[in-house]
Structures are given as C-alpha cells and as structure tokens.
Amino acid sequence: MSNAAPLDIEAIASGGTNFGLKDEIRAYWSKRAETFDLSYGHRIRSDAELEAWARLIASHAPVAAGARALELASGTGEITRVLLSLGCSVDAVDLCEPMIARARAKHADAAVRFHLGDAENTMMADEAYDLVICRHLVWTLIDPALALADWLRVLKPGGTLVVIDGDWVTLSRRSVLLKRFSGLIDRFTGVASTWDQATHQRILNGVHFRDGLRAPALEAMLREVGFEPLRVGPLSGIAHRQFATASWSERLRLLAAQGQSFILSARKPG
C-alpha cells in the first residue's frame, strides 16, 4: 500500500474516471478521522459503556483469552478497546491511514496489529481467526457477497462473525422530527457538524444497501455464502450508557435511532 496522503475529495471532479466510489469512501473517512471521536455513537465515552459493549459482544461470540480477532473498518480503535478488554489478540484493518494513526496512538502498547487494507478483500490468511467483527461497515459495502465470502474464508471452522450496524435510510416520521430538532439545537448553540452530509449521501447512493441495511436481508446473504446465522438483536444496554454522557442534541439523535441498530452473529460451520 502507498503511504501517500489521502485524496482531497473536494479538489477532484466527481466525474473523474480515475476516482471511483472506493476512492471517495477512503477520502471521506480519511477526512472524518479528525472529528470521528466527536460524533455520538463512535467514541466509547465511559467505562460503563465499554463494559456494556463487552457484555453484548461476548453474548454473541464467547471468546477465550488469547482468541484471535479480526476487526474490520477499525476506525479510531474504539471497538478495538472492547476486544482487548475481552482478552483478544487483534488484527485491525482499515482503509484510511488517518484512522489507523489515531488508533495506533490509543493502543501503542497493546496486542494489536494494524493493517491498511480493504475490508471487502482482507488479504488475511485462511482460517486464521476465532472472531471477525465490524461496526458500521456493512452498510458501506459495494459488493457485500464478496466481502462475506472473504470473512467466511478467514474464520476458523466454528468461528463467529459479529456485525453491528443498522438501517440508516428508512426513517419514521418521529425519527425525522427528532433529527430536525437536534439540528436546530446544534445551530442555536453553534455546534458545527462533524460530517459532510452531501458527500455522505453521494456515497450512500452508490453502495449496495442504498435503500437501507435490514437484518433479514443480511441473514439471507450470510446463508448464501455458507454462514449459519445465529441470532439478531438490539444493542441492549448500549443506548442507555450513551445517553448518560450525551448532549441534549445527541440525546435526540439517539432517540431517533431507536430500532434502527442491530447486532447480528453468524457462525462458520465446522
């Protein structure tokens, strides 16, 4: 992989033939690395939330100390913190160098190996991991069938895939109103947006799950590539902990997101 600086998406014409959707995804999240931990729902802000994440993930994928975990789209290393608290040895893959740089700074002395790479084609060894896990990745996939097949390949027989994601497209009228009120509070209090909504929407328009990521559709894809779906559930205990450390604007967004998020686990036969 090149160590060149991330592309500046604002300086590149959207119709450029050498700048595809994957490049735009890399550039967008490279830029967002600067403020990613400021966005609600990304940074784990308290020990109580960290423990809630650990309980939730362990309930879907019981892992013994020393288990090998592959974390995909590891970002600034927040779910990495959870995996380390569970005693996992972690390989963390992310498409964006600025995200990896921030994660490295958090975990300089930990049992983590960071890799610049593509979650849809990890290039990791066959049957190497007890756990493959990702948060807020699957909705961005361009070719989810290819990605899921790759994740099946790198899991040991009997290993578990855990997906934490949601349907961010299909919004109820209540959710739309709550997000609108949240935006009004931000404008009134002078809180700047931490993300580029126009670019975000352009990326969403190009990905596979542009109409929303729903758990039943993902379960069907998992079965097709050879996984055995285990269970789907809400992010039990997480929203309550996030609510405790959130601003009023963030609390409205958390309420708006109720029912959108899910955690799904599936197993590789063997």
Joint hydrophobic cluster, Leu146 plus Phe209, side-chain heavy atoms closer than 4.5 Å: no
Derivation of the ring pair (Phe, Tyr, Trp, His ring centres under 6.0 Å) call for Trp139 and His200: CA-CA 12 Å; Trp139 77 267; His200 188 279; 5.2 Å; yes
If you draw the axis of the six-membered ring of Phe243, does the NZ or CZ of Arg251 fall within 45° of it and under 6.0 Å from the ring centre? yes
Are any side-chain N or O atoms of Ser175 and backbone N or O atoms of Leu171, one a donor and one an acceptor, separated by less than 3.5 Å? no
Please determine whether residues Val169 and Phe262 belong to a single hydrophobic cluster, defined as Ile, Leu, Val, Met, Phe, Trp and Tyr linked transitively by side-chain heavy-atom distances below 4.5 Å. yes
With a 6.0 Å cut-off (strictly less than), is the heavy-atom count around CZ of Arg173, excluding the residue itself, greater than 12? no
Same hydrophobic cluster for Leu213 and Leu21, using side-chain heavy-atom links shorter than 4.5 Å among ILVMFWY? yes
Lys22 with Glu120: basic N within carboxylate O range, under 4.0 Å: yes
Closest contact, heavy atoms only, Ala111 versus Leu84: O-CD2, 4.1 Å
Measure from the side-chain N and O atoms of Thr189 to the backbone N and O of Ile185, and report whether any donor-acceptor pair falls under 3.5 Å. yes
Are Arg214 and Thr170 linked by a side-chain donor-acceptor pair shorter than 3.5 Å? yes
Are the side chains of Leu56 and Ile263 in touch, meaning some heavy atoms are under 4.5 Å apart? yes
When you compare the side chains of Ser89 and Arg68, does any donor N or O come within less than 3.5 Å of an acceptor on the partner? no
Do any N or O atoms from the side chain of Gln260 and from the backbone of Gly166 form a donor-acceptor pair under 3.5 angstrom? no
Between Glu250 and Arg45, is the closest basic N to carboxylate O distance under 4.0 Å? yes
Are Glu127 and Lys156 ion-paired here, with the side-chain N under 4.0 Å from a carboxylate O? no
Nearest-0.5 Å distance, CG of residue Leu218 to CG of residue Asp167: 12.0 Å
Within-4.5 Å side-chain heavy-atom neighbours: Glu34 and Arg102: yes
Please test Lys106 against Glu78 for salt bridge (Lys or Arg N to Asp or Glu O under 4.0 Å), starting from the C-alpha separation and ending with a verdict. CA-CA 9 Å; Lys106 292 179 185 178; Glu78 289 298 290; 2.6 Å; yes
Can Arg241 be said to sit on top of Trp53's aromatic six-ring, NZ or CZ under 6.0 Å from centre and within 45° of the ring axis? no
Has the side chain of Arg104 got a donor or acceptor atom that lies under 3.5 Å from a matching backbone atom of Arg113? no
Taking side chain as C-beta onward, heavy atoms only, is Cys134 less than 4.5 Å from Glu71? no
On a heavy-atom basis, the closest approach of Leu86 and Ala58 is CD2-CB, 4.2 Å
Quick one: does Leu70's side chain get under 4.5 Å of Leu131's, heavy atoms only? no
Could you state the interatomic distance from CZ (Arg210) to OG1 (Thr140), rounded to the nearest 0.5 Å? 13.0 Å
For Gly75 and Ala103, the nearest pair of non-hydrogen atoms, with its separation, is O-CB, 3.6 Å
Can you tell if the side chain of Met221 reaches within under 4.5 Å of the side chain of Val225, non-hydrogen atoms only? no
Does Arg153 use its side chain to pair, donor to acceptor, with the backbone of Met124 at less than 3.5 Å? yes
Which heavy atom of Ala73 sits nearest to which heavy atom of Leu137, and what is that distance? CB-CD1, 3.7 Å
Measure the spacing between CG of Asp130 and SG of Cys88 and express it to the nearest 0.5 Å. 8.0 Å
Shared hydrophobic cluster for Leu230 and Val63 (ILVMFWY, side-chain gaps under 4.5 Å): no
In short, Pro157 meets Gly270 closest at the heavy-atom pair CB-CA, 3.8 Å
Could you walk me through whether Ile133 and Leu83 pass the side-chain contact (heavy atoms from CB on, under 4.5 Å) test, one step at a time? CA-CA 9 Å; Ile133 185 168; Leu83 298 174; 3.8 Å; yes
Check: Asn121 side chain, Asp118 main-chain N or O, donor-acceptor pair, under 3.5 Å: no
What verdict does the side-chain contact (heavy atoms from CB on, under 4.5 Å) test give for His208 and Ile142, after you've listed the backbone C-alpha separation in whole Å, the side-chain angles of each residue and the deciding distance to 0.1 Å? CA-CA 5 Å; His208 180 88; Ile142 297 170; over 6 Å; no
Output yes when a side-chain donor or acceptor of Arg253 lies under 3.5 Å from a complementary backbone atom of Ser182, and no otherwise. no
Salt bridge between Arg32 and Asp196, side-chain N to carboxylate O under 4.0 Å? no
Run the numbers on Leu222 and Leu148 for side-chain contact (heavy atoms from CB on, under 4.5 Å), then give the verdict. CA-CA 7 Å; Leu222 287 163; Leu148 295 176; 3.8 Å; yes
Rounded at 0.5 Å granularity, tell me how far CG in Leu264 sits from CD in Glu219. 5.5 Å
Check for me, please, whether Leu50 and Val162 land in the same ILVMFWY cluster - side-chain distances under 4.5 Å, paths through other members count. yes
Can you tell me if His42 and Asp37 form a side-chain donor-acceptor pair at under 3.5 Å? no
What is the minimum heavy-atom distance between Ala92 and Val112, and which atoms define it? CB-CG1, 4.2 Å
Any sub-3.5 Å donor-acceptor pair from Asp165's side-chain atoms to Val138's backbone N or O? yes
Just verifying a value: how many Å separate Asp150 CG and Thr122 OG1, rounded to the nearest 0.5 Å? 3.5 Å
Mind checking the CG-CD spacing from Leu235 to Gln258? Nearest 0.5 Å is all I need. 11.5 Å
Is it the case that the side chains of Thr160 and Ser265 hold a donor-acceptor pair, with the cut-off being a distance below 3.5 Å and no angle test? no
Whether Asp94 side chain and Ser74 backbone form a donor-acceptor pair below 3.5 Å: yes
Which residue in the set Leu161, Val132, Leu155, Val154 passes side-chain contact (heavy atoms from CB on, under 4.5 Å) when paired with Lys268? Leu155
Would you sort out whether Trp151 and Tyr129 count as a side-chain contact (heavy atoms from CB on, under 4.5 Å), showing the intermediate values? CA-CA 10 Å; Trp151 304 350; Tyr129 297 98; over 6 Å; no
Mark yes or no for whether His107, through its side chain, and Gly77, through its backbone, hold a donor-acceptor pair below 3.5 Å. yes
